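Written below as structure tokens is the structure these notes are about.
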Amino acid sequence: MSEPGAVSPIRSGYQRVLPPLGDLRRLRGSTHLIERHARAYRHMWLVFASGVAEPLFYLLSIGIGLGVLVGKVPGPDGSLVPYREFVAPGLLAVSAMNGAMYDSTFNVFFRLKYEKLYDAVLSTPVGPFEIALGEIGWALLRGAVYAVAFTMVMTVMGLISSWWALLAVPVAVLTGFAFAAFGMAGTTFMKSWQDFDYVMLISLPLFLFSATFYPLSVYPRAVRAVVEWTPLYQGVTLLRDLVLGDPGWDLLWRAAYLAVMGVAGLLLAARRIAKLLLV
Amino acid sequence: MPEVLVRARGLTKQFGGFTAVDGIDFDLYRGEAFGFLGPNGAGKSSTMRMIGCVSPPSGGQLTILDSDPVRDGPAIRARLGVVPQEDTLDVELTVRENLLVYGRYFGLPKKVIRERADALLEFVQLTDRAHDKVEPLSGGMKRRLTIARSLINEPDILLLDEPSTGLDPQARHVVWDRLYGLKQRGVTLILTTHYMDEAEQLCDRLVVMDHATIVAAGTPRELIETYSTPEVLELRFTPDCHEQGAGKLRDLYPERIEATADRVMLYVSDGDEALKRVRGLGLEPSSSFARRSTLEDVFLHLTGRRLID
């Protein structure tokens with residue numbers, strides 16, 4: 001038993017990322033950060049609303065416009081489906097990724113380096129894990145609003161053919177979770193705005209090549225094996241199989257893949273915030 | 001004996017091989033205003049961050065509000081108010097929203113926060129700016145808002161890291177006036193500063209830090225009595241007589257003379273009497289000024305005249 005106040009060799013209080021189990025109430029701190037963001041966006045509601053428009057523009061130009069030229073493509077079970085029905089769930093996955101990455105990279109970097117928001121927050125009882133959870137939670141909340149709007153448009157346009165599509169919004173949120181957590185963890189390593197080129201370097205190929213716009217079967221075998229292991233492909237497959245009503249057991253491990261990626265990113269992001277700011 | 005709120009023994013902070021704070025001891029009592037005085041880089045801010053539980057000590061003992069900052073950081077921070085050296089106001093929110101949101105980080109009920117926010121805005125004279133954004137505010141207003149924000153949880157201890165650095169004289173006096181008001185209300189203050197007048201005006205007790213250690217401690221009065229003389233006689237000579245005058249005076253007061261490029265300062269018990277002796281030597285300064293010793297004399301005596309940036 002050490003003397004009270006003596007510094008223990010293991011500085012667990014600062015290095016520990018999760019609050020002790022007996023003190024999970026502290027996680028409520030993350031909701032206070034979400035409240036802060038909700039209040040800040042009241043002054044920028046147009047920015048918030050514009051997030052709804054982006055995936056819809058894609059759906060109109062690629063789904064409808066390009067869809068007229070493409071006609072029908074093979075769906076998950078091999079039968080032919082109209083291109084716009086095929087591509088819509090892919091676009092939902094993409095917008096979940098993009099929205100989450102935007103919130104958790106640019107916005108987090110600004111708050112971390114320029115606004116010093118986390119320095120201010122850490123001088124209150126809120127800790128680094130609650131900050132990471134709050135940031136990612138906010139990204140998901142925003143993503144959920146966009147996913148609901150997009151799914152409603154899909155319904156109105158008759159692009160949904162199965163009750164499984166009810167799972168589309170939670171799955172879009174799960175996809176967002178994986179990318180928001182990954183993006184925030186990555187952002188804590190960034191030094192300047194130039195480093196954001198890496199965000200594009202990762203998200204653009206994922207956007208274009210994750211079987212978003214065409215079936216995986218167009219790739220040669222070797223490429224297919226690579227794409228099958230990329231994260232956005234899991235989200236695209238989950239959403240497409242659900243919306244088109246052909247879910248297989250593989251969807252469970254795909255969901256687990258995204259969940260593990262999200263939890264790992266969350267823990268790393270919290271650890272990094274502590275390492276950067278609690279020195 | 002008044003209650004001890006912060007106790008440090010051998011408190012040390014290292015960054016890699018660099019020692020920012022090297023085994024300092026101090027006690028903070030409830031209700032007092034306690035100052036860390038020192039040049040830039042002396043270790044004041046590192047000490048403040050350790051007390052604020054956002055920087056783990058590298059060694060020694062630190063007890064804050066009877067708790068261990070390493071283990072009970074969040075619980076301690078709930079009872080602290082922090083005014084950091086650089087403003088960390090939320091520029092995406094309005095003045096009043098800054099208080100509302102910050103109060104929520106402490107888990108306070110919204111109704112309580114609203115009442116306190118309005119009273120605090122009144123206290124720091126920002127009520128008429130309540131619905132403005134933060135960015136257009138002047139430096140002094142931002143500082144006052146930061147002070148209001150730090151009080152939203154009615155802290156037991158208020159930590160102020162260079163509260164008036166960078167402000168113009170008027171703004172500094174408004175900040176001091178508010179801090180003095182808090183002191184009158186019995187709020188315990190810890191502040192760092194390199195302004196002697198700030199330390200003299202606000203601090204009941206202070207320590208002088210230099211090179212990561214405490215080189216002196218006491219009330220402003222005690223420090224002046226210990227490290228300086230009751231009075232200081234400042235003399236100026238015409239440029240051609242400066243060297244000669246300083247030289248002669250050095251013989252008269254070998255221990256208690258400080259000569260700068262344009263002035264000679266004699267540390268004496270009686271300034272007028274000393275001036276007579278100076279004139280008795282046949283020296284005729286172009287101007288002379290006898291004054292009481294201040295903390296600045298103590299500070300310069302202890303930390304030297306070298307420039308630290």
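What you see is a predicted model; the values in this text were computed from it and never measured. Below, read A as the first sequence line, B as the second, and so on, with proteins coming before strands; counting in each chain starts at 1.
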Mark yes when over 12 heavy atoms from residues, nucleotides or ligands other than A/Tyr198 sit less than 6.0 Å from its OH; otherwise mark no. no
Which one wins on heavy-atom pair count under 4.5 Å against chain B: A/Glu35, A/Met44, A/Arg28, A/Arg111? A/Glu35
Contacts of A/Lys191 that satisfy side chain to side chain donor-acceptor pair (under 3.5 Å) - sequence neighbours left out: none
Side chain, backbone, both or neither: which part of A/Leu277 has a non-hydrogen atom closer than 4.5 Å to chain B? backbone
Less than 4.5 Å to any heavy atom of chain B: does that hold for the side chain of A/Tyr114, its backbone, both, or neither? neither
Treating A/His32 as the side-chain partner and B/Arg104 as the backbone partner, does any N or O pair qualify as donor plus acceptor under 3.5 Å? yes
Could you tell me whether the side chain of B/Arg49 and the main chain of B/Cys53 form a donor-acceptor pair under 3.5 Å? no
Look at the rings of A/Trp193 and A/Phe106 and say which category their plane angle falls in: under 30° parallel, 30 to 60° tilted, over 60° perpendicular. parallel
Please state whether the side chain, the backbone, both or neither of [X] comes within less than 4.5 Å of a heavy atom of chain A.
X        : value
B/Leu100 : side chain
B/Val82  : side chain
B/Arg9   : neither

